[in-house]
Amino acid sequence: MKKLLFLSTLLWAVACSTPSAPEVSNAPTYYLPWEQLQPLFDDVQMAGIFEDSKTFVDWTPKQSPETILKRFVTERDRSSFDLEAFVKANFDPPYAGEAREVDTDKPIKEHLSTHWDYLTRSTRDQPPFTTLIPMQEQYVVPGGRFREVYYWDSYFTMIGLGSSGRIDLVESMLDNFAYLIDTVGFIPNGNRTYYLGRSQPPYFSSMVNLFIQHTSMDRALKYLPAIQKEYDFWMDGAENLTPQHPEGKRVVLH
């Protein structure tokens, strides 16, 4: 129990600035556009084609990055070359959900209950090149430009899901986070490859505790290995901390 409580109260500075992801033997190969699309990636971002720097990395190549990059190198020196047109011809924008009007006359609880399905995403089957990390079960996204699940944000989402009786979504999101711990080694900021170098306050054990409140301890026991693995990740090197050397790999002496 002390470990569960500790994971929920680690310092912000510890949780939000993790080093690069650890080596995990069963980790899949990810699409990294800032590496695989050089120099196209730099040109697109520096040209300001999109107001939001997050936009281009969320677009999906229609062909392999190698093929698109070769085409770019061949065409970019032509006087008629249009960088924005090239991007739109070779990449597909991400799914952002359908436009939906909010009925402000509805009570907030009723609004939330009807809004979960709109914010629910499934990424089991993804194209071969996408920054979106596929997960086995459904999850809830914040919406708007945030088209992926976010770590500690999901704790508060789960509070709402529990209030709406959507324990099915709470469990599926927990399954996804346990999957990330197993494959990536920790839960990144969000399920995007560009978030693999950072995380957020580790709330997984608190999420499991929410699940227990709506179900049972027996039903939540399947998450115990993931809780232990995440705890070990964050506490790596804690035994070497001293008042003279209070900062470790991912933890600080408090």
Side-chain angles (χ1 to χ4, degrees), residues 3-4 6-8 10 12 14-33 54 57-58 60 94-95 119-142 146-159 161 166-212 219-236 249-251:
K3 288 183 178 179
L4 296 182
F6 180 77
L7 278 171
S8 299
L10 281 177
W12 271 91
V14 179
C16 298
S17 58
T18 177
S20 58
E23 294 294 330
V24 180
S25 59
N26 58 342
T29 301
Y30 295 120
Y31 167 58
L32 308 174
K54 185 180 185 301
V57 288
D58 287 355
T60 304
Y95 173 74
L119 294 174
T120 299
R121 301 287 184 271
S122 176
T123 56
R124 178 188 292 268
D125 299 315
Q126 288 293 306
F129 303 104
T130 174
T131 56
L132 194 63
I133 299 174
M135 296 191 293
Q136 297 300 303
E137 307 296 337
Q138 292 183 321
Y139 54 85
V140 177
V141 302
F146 301 110
R147 297 174 282 261
E148 51 284 313
V149 73
Y150 284 82
Y151 184 10
W152 88 310
D153 305 50
S154 294
Y155 171 77
F156 304 100
T157 298
M158 289 177 183
I159 293 176
L161 288 170
R166 294 302 306 271
I167 310 306
D168 58 319
L169 274 175
V170 173
E171 185 169 21
S172 66
M173 290 172 73
L174 283 172
D175 289 346
N176 286 331
F177 287 138
Y179 165 79
L180 288 173
I181 292 172
D182 185 51
T183 56
V184 176
F186 71 106
I187 301 175
N189 193 114
N191 64 319
R192 290 280 183 181
T193 61
Y194 49 79
Y195 288 142
L196 287 172
R198 68 180 196 251
S199 184
Q200 289 183 320
Y203 263 60
F204 183 69
S205 60
S206 296
M207 294 173 182
V208 173
N209 187 48
L210 278 178
F211 181 65
I212 291 171
R219 191 167 165 183
L221 285 176
K222 63 179 179 177
Y223 300 117
L224 190 57
I227 290 174
Q228 181 66 58
K229 189 170 184 178
E230 182 182 52
Y231 178 82
D232 293 341
F233 171 80
W234 286 107
M235 294 300 292
D236 185 18
K249 190 173 183 181
R250 305 183 186 96
V251 68

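Keep in mind that what you see is a predicted model, and the values were worked out from it rather than measured. The first residue of the sequence shown is numbered 1, and numbering continues consecutively from there.
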Who are the salt bridge (charged side-chain N to carboxylate O under 4.0 Å, His left out) partners of [X], not counting sequence neighbours?
X	answer
D236	K249, R250
D58	K54, R147, R192
E137	none

Side-chain touch [X]/[Y], heavy atoms, less than 4.5 angstrom:
X	Y	value
K222	D175	yes
D232	Q228	yes
V140	R166	no

Run the side chain to side chain contact (heavy atoms under 4.5 Å, CB included) test against [X] and tell me which residues pass, sequence neighbours left out.
X	value
L32	Y30, W34, E35, Q36, T193
P134	Q126
P225	none

Task: Smallest separation among heavy atoms of P202 and W234, with atom names - done: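 What the structure gives for the nearest pair is CB-NE1, 3.6 Å.
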Go through the structure and list residues passing ring pair (Phe, Tyr, Trp, His ring centres under 6.0 Å) with [X], not counting sequence neighbours.
X	result
Y31	none
F204	none
Y139	none
Y194	none

- [ ] Output, in order, the C-alpha distance, side-chain angles, deciding distance and verdict of side chain to side chain contact (heavy atoms under 4.5 Å, CB included) for Y195 and Y151.
- [x] CA-CA 11 Å; Y195 288 142; Y151 184 10; over 6 Å; no
Taking the side chain from [X] and the backbone from [Y], do they hold a donor-acceptor pair closer than 3.5 Å?
X	Y	result
S172	Q138	yes
D153	V149	no
T60	T130	no

Task: side chain to side chain donor-acceptor pair (under 3.5 Å) involving Q136 - partner list, sequence neighbours excluded - done: R124
TODO: Taking side chain to side chain donor-acceptor pair (under 3.5 Å) as the test, write out the residues that go with N189, two or more places apart.
DONE: R198
